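Following: one structure in structure tokens, then a few remarks.
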Amino acid sequence: MSLAAPSDPAPPPRPASEPAPETGPSVGGSDDDAPPRPPFAQDWRRIARMGAIGAVGQIFISLSNMPVKLDGRAIIEGVLSLGYLSLVVLPLAAGSRVGHQLRREGVPFHRPGAHEVVGGAACGALVGGGLSLLAILIANFNLREPLVNWSPILADLLAFNRGTAFAVVIWLAIGAAVGAAAGLLRVVPPLARRVLWTMVLTLFGAAVLESLTTDLAEGMGIEALIDWFYAPRGGLTITGAIALAAGSGVLALVGRGRIKGAKARIDALEGPARNRAQGGLILATAAVLVILPMFAGKLTNELLANVGLFVLLALGLNIVVGLAGILDLGYVAFFAVGSYSAAVLTAATSPRINPELPWFVALIGVVILTGLVGLFIGAPVIRMRGDYLAIVTLGFGEIIRLLFLSDWLSGWFGGSQGITNIPGAEIFGLAEVAGTDPRSVFYLVLAFCAIAIYVSWRLERSRIGRAWMAVREDETVAEAMGINTVNVKLLAFVVGAVLGSFSGAIFSAKVGSVFPASFLILVSIVILVVVIFGGMGNIVGVIAGSAVLIGVLGGPKQPGLLAEFSEFKLLIYGALLVWMMLARPEGLIPSVRRTRELHQEELAQDAWLRGQTEDDHLENGEGRS
Amino acid sequence: MEEGAPPGGAPRHRPHDDTEQRAHDGAPTGAPRRRGLGARLLRPRTRVDWFLTVIRVAVLIVLVVGFAAFIAQEIDPDNPFARWANPDATGLTGPQFRGLVISGIAQGSMYGLIALGYSMVYGVLGFINFAHGEVFMVGAMTGMITSNKLADAGLWESNFIGSLVFIVVVSIIVSSLTAVIMERVAYRPLRGSPRLIPLITSIGVSFFLQNASVVLLGPASKSYPDVPDWVKAKHTFLQIEGAKILVIVVAALSMAALWYYVDRTKTGKAMRAVAEDAEIAALMGIDVNRTIVKVFAVGGAMAGMAGILWGILFRSVIHTTGFLPGIKAFSAAVVGGIGHLGGAMAGGLSIGVAESVGPLLILEPLGVSGVSQLRDAVAFSMLIIVLLVKPAGLFGERLPAEDRA
């Protein structure tokens, strides 16, 4: 037992106000770790606080009806459903969090041991106890009046149909077990932890992707294999789950370090070799994206097309927010203008003017119109301070929708009835793209995404791109360097607008009708969440963000893979936005530059801790992630 | 700051940098130093300036022509100018106009109450708390739940005033708590980060609260219980509905109480000090965190009060209730000069009156049909126009120390 352990059973809880100075490369190797703490010398107040917060969270999740709604979606047949999964996530997180120690200079780092397991179990039991409490409350009070989900169905689900007393005991036990497991994860060696996580994530991923894989398998004619993995009523079969877990575990054991090594090797390449490697990767991705839809059915293609539309929107917003640093909350306006102008130019049914142009010709008009609208909106707002700009663009987004909706302009745009019977896009007489054939829509979207990716990629590395980033980082300095900040920002606004209008034009051809209700501000916010989640300023990040969020949870109106989530996806988007801003503002796949901007202070602190000078601190630390 | 400063402690005279500060922060970033109005209008520097000048002139022309047409049609709907502007002009009768102004004032005083929260938070932390509109929604929802429970118990009819006081107290507590938790969870860890980060966070919080209301309370619109007859009847020679009198009186009282709190109590003094310069206030022995929590609590209380008034006036709430009033209240805070409490109230009243009268005063005479649909568009346009013409607001804005530079 070390000297520090009895007197200082746990590191003081980190005040949430200070940014997390996570482990830097220089601090504490495993050699100087202190021995494990005794199991029952816990920081009980911290456990109680976290447990109470977790319990409130559990009650919120239950009352939001998430468990009941998601219970229909099985993860492993007969064993675990998504609904019950939603109830064990919090105990797991709390149990894991309780055992978290910061590696800090001068503070001993205790090797994890029984202490973590006991702490995790205690905290998990408290979190699970939230559900016990809820079960008692539901049995004794009726709050159905304001809380719509205060129902016997929920009580039965909590009690596994066995009465309130059982619910009370079982949820304490489940919470403790899950929390202890989370604590145990801290104790086991890193390799075992990685293998376990890989197995869990593989199982979850396989269950989430069920409809996608089934669809693809049918296209490729290997239903038999899939039938073995998936139960007829959804979810993995038990044998399938075991096989998948074993397979992924073995892969994780064998493949450990391989992926990282390959990535490091590619990063280490220089010049043409590196370009070749990257080109190869891009070609491979493109090939997969072209071939995959041929085997996929209608639903999968529909999903892919929706994801593509949002990739296009997100890439456009990425130029505005990610590169130029202009927080545009009314981005949906350009989507709306794109859709409406395409509709007016192509549809025979549009009220006032109906030139019935072919789609590609109309696209020229769409680009010009949206560019003009972008200029018109951009010019007044571009000089405003960032936060005013955000609200004013939001105002413009709402004004545009209200104008499309109003009786005043209904002679042009059909008011609340919108414009219907919009013909599909005809591509040079080769193919007709319409909503009835989602595969063609996907190919069209893919082509435009490719254009958008190329444009953003080239722009990012051009003089204009560097000017955008300079403006984003410090406008005054950028101006002093001779950049015409107004023109540069306006250009970003217009380029973003045009990319958004492509998406709008495809959208109107795909859906075949446009209504003002499709262009609520909430669309803007969802695109913003996608961009921030993926990683502002990073093309790959933005694409990954759209694929994960829109693909799995779904867009504002479009269902995703987890269609059961449709009621909760906006809630999750909101929580995700807050959480990303607090924990990882640079996004999942961050742009290196952006990370440095967001973590300047922490990097400086790390450098100071290591005794390095100010000059080279940007080359090390978290900026490299 | 000297004692007995005006509400919100807006400094009337800051000897050192008043004009400097306006030049740097009042105007949008990167703008040239302010010259005289004439010089700015006559010698635009860039194409964007030209464009802005054109927009400003166009807006001015629309306003003037619309107003002139309104006056013309008020004099005689058949005179040639009014006919030219709008062939179907009818003009407004006196009572109609009066009714519009009064409902504008009633709504405007609610916007003003919400705007106080935006304004105070902006004054202290320097970011727009986008989720403040949702705090208002939470207040209205709490009022709906409590009043329906009271109505079930029969207390709502038998003792209306007592129940009203009760639901106000409950809703103030709940919405203050919401605001304080919001600050603790989402904003406090972000102190000192770039300004857009807390703004984006607050958008997330707003989204979360809205949808939390959907999943917990259901997506349908919910109504307040029926109010007694005297609230629905029209009173005095002005024929104002009782609910509107109630709203205006309660808003005025809350405003007075807030003014007393911020201007005359020690906590208020601490708030003003933190708004002036948080670091120095901390050196003077003020607990900055506590003061900021109090600012959120007070702002939340005002929003909760506004929520109840909204419920009494419109008798129906839904999860999106907070969004538009929130944006409009923010506009009100900007119109009045953000960070300035009296300005927030004045801004609220002007936004309220403008959105209720504006469409009929300016747009209808110009022949725009279906003007009442454009109410919200008018409110947003007003925000945009104010930010274009006078970004510092009518009363001058007051920014936290780090923004003055």
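Everything numeric here is computed off the predicted structure, so don't read it as measured data. A, B, ... follow the sequence lines: proteins, then strands. Residue 1 opens every chain. Atoms considered below: every heavy atom in the structure, side chains included; atoms not considered: hydrogens, waters and symmetry mates.
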Measure distances from [X] to the heavy atoms of chain A and classify the residue's part below 4.5 Å as side chain, backbone, both or neither.
X: B:I200; answer: both
X: B:I145; answer: side chain
X: B:K149; answer: side chain
X: B:L216; answer: both
X: B:S202; answer: neither
X: B:T201; answer: both

- Give the ring-plane orientation class for B:F330 versus A:Y388, where under 30° counts as parallel, over 60° as perpendicular and anything between as tilted.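 B:F330 and A:Y388: perpendicular rings.
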Contacting region of [X] [heavy-atom separation from chain B under 4.5 Å]:
X: A:L147; result: both
X: A:N484; result: neither
X: A:L394; result: side chain
X: A:I521; result: side chain
X: A:A379; result: both
X: A:I400; result: neither
X: A:L389; result: neither

Which value, rounded to the nearest 0.5 Å, describes the distance between [X] atom [atom1] and [Y] atom [atom2]?
X: A:I391; Y: B:S331; atom1: CD1; atom2: OG; value: 8.0 Å
X: A:D387; Y: B:I128; atom1: CG; atom2: CD1; value: 4.0 Å
X: A:I532; Y: B:I203; atom1: CD1; atom2: CD1; value: 7.5 Å
X: B:Y187; Y: A:M581; atom1: OH; atom2: CE; value: 12.5 Å
X: A:M536; Y: B:L196; atom1: CE; atom2: CG; value: 8.5 Å

- Evaluate the side-chain contact (heavy atoms from CB on, under 4.5 Å) criterion for residues B:F207 and A:L571: first the C-alpha distance (whole Å), next the side-chain angles of each, then the deciding distance (0.1 Å), finally the verdict. CA-CA 7 Å; B:F207 221 55; A:L571 184 78; over 6 Å; no
- Item | Greatest number of heavy atom pairs closer than 4.5 Å to chain B - which of A:V578, A:L402, A:L570, A:L63 |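 Of A:V578, A:L402, A:L570, A:L63, A:L570 has the most heavy-atom pairs under 4.5 Å with chain B.
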- Message: Ignoring hydrogens and geometry beyond distance, is a side-chain donor-acceptor pair present between A:Y573 and B:N211 at under 3.5 Å?
- Response: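 Result is no, nothing qualifies.
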- Message: Tell me whether A:E145 at atom CD has more than 12 heavy atoms from other residues, nucleotides or ligands lying less than 6.0 Å away.
- Response: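 Not buried by this count: 12 neighbours or fewer within 6.0 Å.
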- Message: For B:K222, I'd like to know if atom NZ has over 12 heavy atoms of other residues, nucleotides or ligands within 6.0 Å.
- Response: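 Enclosed: over 12 neighbouring heavy atoms sit under 6.0 Å from NZ of B:K222.
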- Side-chain heavy atoms of B:I384 within contact of A:I399, under 4.5 Å: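 Answer yes - side chains close enough.
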- Taking the six-membered ring for Trp and the full ring for Phe, Tyr or His, determine whether the centres of A:F568 and B:F208 are under 6.0 Å apart.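 Judged by ring-centre distance (under 6.0 Å), A:F568 and B:F208 do not meet the cut-off.
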- Please report the shortest heavy-atom distance between A:P585 and B:I197, naming the atom on each side.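 Reported closest heavy-atom pair: CB-CD1, 4.4 Å.
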